[in-house]
Visitor: 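Pasting a structure below so you can have a look.
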Amino acid sequence: MKIASWNVNSIGARKPRILEWFDTAQPDVCVLQEIKCVDEKFPAKDFEERGYNVHVHGQKTYNGVALLSKHPVDDVIRGVPGYEDENSRYIEGVIVPDDAAPVRVGGLYLPNGNPAPGPKYDYKLDWMQAFEAHLSDRLALEEAAIFLGDYNVIPEPEGVYDPKGWADAALFRPETRAAFRRFLNIGYTEALNQLIGEPFYTFWDYQRGAWDKDHGIRIATLLLSPQALDRLDSGGVDRDARDPKKGDDSVKPSDHVPVWVTIC
DNA sequence: ATGGTGGAGCATCCA
């Protein structure tokens, strides 16, 4: 079973490239971030035609997440339980295949937090605290569970092309990385660290020729519960999705790329 | 020091 995540930076602006990637990559489950549309505007039909069940937690202009699955989905929730959030940043459900064991999938778009310090950064840290509490609750269920998405956290210096230049950024500040490490300390494992033996990026800014210079950062992350880790098979980063010259060049690529794992 | 790009939606905000 292939489970993927992609910050698409507007589903409306990106649809041809997104559908092209779905037809090639064929994920069983995919969470999307920054769809930037309300539920009614989400192009559900395009995905239903491809065999997906569609669950959306949309928002006008900013944010917005979706959960797409070729298998039935139970217990869908929108928003981190117990946390009041004016933004649509989280969706979760239990994937129930007929031919494999269930897996809980949570898709998240964690706040960017810039500029730091300030109210936006406080919001990021609050969000991370609430999410940690949720991760902890889910861990106690002892289920196979995967929490994946745009974490807006660069966990290690190897995840940024210029660590010194990024020292004060909300994505890389010590408090941010410490909050992320707590996700690991309570018992989750980063899937792609296990599977990719070298540093990699998942985002390249549109500005300053970042793609051509390979000035990227690593902010897409997949966290696995111990029960999901036992079933981990393979994983990867679809870097080609960021290349303006590859794929449907009638539309611009997202500044983020898809990440994925397969589990048995 | 600034601006460089891109999306939403129509003046700016966000990334």
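Chain identifiers are assigned alphabetically (A, B, ...) following the order of the sequence lines, protein sequences preceding nucleic acid strands; residue numbering begins at 1 within each chain. Because the structure is a prediction, the values reported are computed rather than measured.
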Visitor: Roughly how far apart, to the nearest Å, are B:dG3 and B:dA15 at atom C1'?
Guide: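 That atom pair is separated by 16 Å.
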Visitor: Check A:Lys246 with A:Asp238, please: is the shortest side-chain N to carboxylate O separation under 4.0 Å?
Guide: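 Between A:Lys246 and A:Asp238 there is no salt bridge, as every charged N stays at least 4.0 Å from the carboxylate O atoms.
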Visitor: For the residue pair A:Asn87 and A:Tyr123, confirm or rule out a side-chain donor-acceptor distance under 3.5 Å.
Guide: yes
Visitor: B:dA15 P sits how many Å from A:Ile217 CD1, rounded?
Guide: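 Answer to the nearest Å: 13 Å.
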Visitor: Determine, for A:Glu34 against A:Arg14, whether the closest basic-nitrogen to carboxylate-oxygen distance falls under 4.0 angstrom.
Guide: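 No, no charged N to carboxylate O under 4.0 Å.
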Visitor: Between atom NZ in A:Lys124 and atom C1' in B:dA15, what is the gap in whole Å?
Guide: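 For the pair A:Lys124 NZ and B:dA15 C1', the rounded distance is 11 Å.
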Visitor: Taking the six-membered ring for Trp, are A:Tyr83 and A:His134 closer than 6.0 Å centroid to centroid?
Guide: no
Visitor: By nearest atom, which of the nucleotides B:dA15, B:dG3, B:dA8 is closest to the A:Thr61 side chain?
Guide: B:dA8
Visitor: Please report the distance, rounded to the nearest Å, between CG in A:Asn9 and P in B:dG9.
Guide: 13 Å
Visitor: Can you measure A:His256 atom NE2 to B:dG7 atom P for me and round it to whole angstrom units?
Guide: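 To the nearest whole Å, that distance equals 12 Å.
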Visitor: Separation of A:Gln207 atom CD from B:dG7 atom C1', in whole Å?
Guide: 13 Å
Visitor: Please tell me which of the listed nucleotides, B:dA8, B:dA15, B:dG9, lies nearest to the side chain of A:Lys60?
Guide: B:dG9
Visitor: With a sphere of 6.0 Å drawn around CG of A:Asp168, does it hold more than 12 non-hydrogen atoms of other residues, nucleotides or ligands?
Guide: no
Visitor: In whole angstrom, give the distance that lies between atom NZ of A:Lys15 and atom P of B:dA8.
Guide: 13 Å
Visitor: For the pair made of CG in A:Asn112 and P in B:dG7, what is the distance, rounded to whole Å?
Guide: 18 Å
Visitor: Has A:Arg14 got a side-chain N or O lying under 4.0 Å from the OP1 or OP2 atom of B:dG7?
Guide: yes
Visitor: Quote, to the nearest angstrom, the P distance that separates B:dG9 from B:dC14.
Guide: 15 Å
Visitor: Map A:Tyr206 and A:Lys120 onto DNA chain B by nearest heavy atom, then report which one ends up closer to the 5' terminus.
Guide: A:Tyr206
Visitor: Please determine, for the side chain of A:Ser10, which listed nucleotide (B:dA15, B:dA8, B:dG9) has the closest atom?
Guide: B:dA8
Visitor: From the set B:dA8, B:dT5, B:dG7, return the single nucleotide nearest to any side-chain atom of A:Lys252.
Guide: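 It is B:dG7.
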Visitor: Determine the Euclidean distance between corresponding P atoms of B:dT2 and B:dG6; express it in Å to zero decimal places.
Guide: 23 Å
Visitor: Toward the 5' end of DNA chain B, which comes first, A:Ile35 or A:Asn152, by nearest nucleotide?
Guide: A:Ile35
Visitor: Regarding A:Tyr109, tell me which of base, sugar-phosphate or nothing describes its non-hydrogen contacts under 4.0 Å with the strands shown.
Guide: sugar-phosphate
Visitor: Write down the distance between CG (A:Asp150) and C1' (B:dG7), rounded to a whole number of angstrom.
Guide: 16 Å
